[in-house]
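A short worksheet on the structure shown next.
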Amino acid sequence: QVQLVESGGGLVQPGESLRLSCAASGSIFSINAMGWYRQVPGKQRELVATTTSGGSTNYADSVKGRFTISRDNAKNTVYLQMNGLKPEDTAVYYCNAVVRRMYALGYGDYWGQGTQVTVSS
């Protein structure tokens, strides 16, 4: 099995920063893309940022210039540095990884349990 464990969420005021972390563990042969998505009640889960094993990144327009995704391949960990947080960034943030398990032929999609980020004064 593969587990994704997120940390770093919390309550902050507008303009402040948070750093999310997500560590993948388990029967992992390799990891392709890793990323962050977020969801608010009543809405679909949306992409925040993704990064490939080669370091390419992709961001939602709403977070460009404020959020930075990074990755430590040796630790199977992805980070999301969130600066200049706004109330509209309030959501549950989910980590995602596209993983090839040991002895598997293809890649599977795995999700963390989610971490709450609340931006409020």
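Everything quoted here is computed from the prediction, not taken from an experiment.
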Which atom pairs, donor and acceptor, lie under 3.5 Å between side-chain atoms of residues 47-55 and protein residues at least two apart or in another chain?
from, atom 1, to, atom 2, distance (Å)
Thr51, OG1, Ser56, O, 3.2
Thr52, OG1, Gly54, N, 3.3
Thr52, OG1, Gly55, N, 3.4
Thr52, OG1, Ser56, N, 3.2

Show your reasoning for whether side chain to side chain contact (heavy atoms under 4.5 Å, CB included) applies to Asn83 and Phe67.
CA-CA 6 Å; Asn83 298 329; Phe67 291 10; 6.0 Å; no
Are any non-hydrogen side-chain atoms of Thr115 and Leu20 less than 4.5 angstrom apart?
yes
Quick one: does Trp111's side chain get under 4.5 Å of Arg45's, heavy atoms only?
yes
Could you tabulate the donor-acceptor pairs under 3.5 Å formed by side-chain atoms of residues 95-104, not counting sequence neighbours?
from, atom 1, to, atom 2, distance (Å)
Asn96, ND2, Asp109, OD1, 3.0
Asn96, ND2, Tyr110, O, 3.2
Arg100, NE, Ala104, O, 3.0
Arg100, NH2, Ala104, O, 3.3

Heavy atoms only: give me the nearest Trp36-Ser21 pair and the separation to one decimal.
CH2-O, 3.6 Å
Would a distance-only check, ignoring hydrogens and angles, find a side-chain to backbone donor-acceptor pair under 3.5 Å from Ser62 to Ala60?
no
Answer yes or no: are there more than 12 heavy-atom neighbours, outside Gln44 itself, under 6.0 Å from its atom CD?
no
Is there a side-chain contact between Glu46 and Arg38, using heavy atoms and a 4.5 Å cut-off?
yes
Any chance you could lay out the side chain to side chain contact (heavy atoms under 4.5 Å, CB included) test for Glu16 and Val119, step after step, and finish with the verdict?
CA-CA 9 Å; Glu16 294 185 339; Val119 185; over 6 Å; no
Looking at CD of Glu6 and SG of Cys22, how far apart are the two atoms once the value is rounded to the nearest 0.5 Å?
5.0 Å
Thr90 and Glu88 side chains, donor-acceptor separation under 3.5 Å
no
Hydrophobic cluster membership, Tyr59 vs Tyr37, 4.5 Å side-chain cutoff
no
May I ask you to test the Ile31-Ile28 pair for a side-chain heavy-atom distance under 4.5 Å?
yes
To check you understand the geometry: which heavy-atom pair defines the closest contact between Lys43 and Gln39, and what is its length?
O-NE2, 3.1 Å
Separation between CZ of Arg19 and OG1 of Thr68, rounded to the nearest 0.5 Å:
10.5 Å
Measure across Met82 and Val117 and return the closest heavy-atom pair with its distance rounded to 0.1 Å.
CE-CG2, 3.9 Å
Applying ring-ring contact (aromatic ring centres under 6.0 Å, His included) as the test, list every pair that has at least one member in residues 75-98; sequence neighbours left out.
none
Taking the side chain as every heavy atom from C-beta outward, state whether Gln81 and Ser70 have any atom pair closer than 4.5 Å.
no
Is any side-chain heavy atom of Ile69 less than 4.5 Å from a side-chain heavy atom of Met34?
no
Ignoring hydrogens and geometry, is there a side-chain-to-backbone donor-acceptor pair from Ser121 to Gln13 under 3.5 Å?
no
What's the separation between atom NZ in Lys64 and atom CG in Asn58, rounded to the nearest 0.5 Å?
7.0 Å
Test side chain to side chain contact (heavy atoms under 4.5 Å, CB included) on Leu18 and Leu85 and set out the steps.
CA-CA 8 Å; Leu18 277 176; Leu85 282 161; 4.1 Å; yes
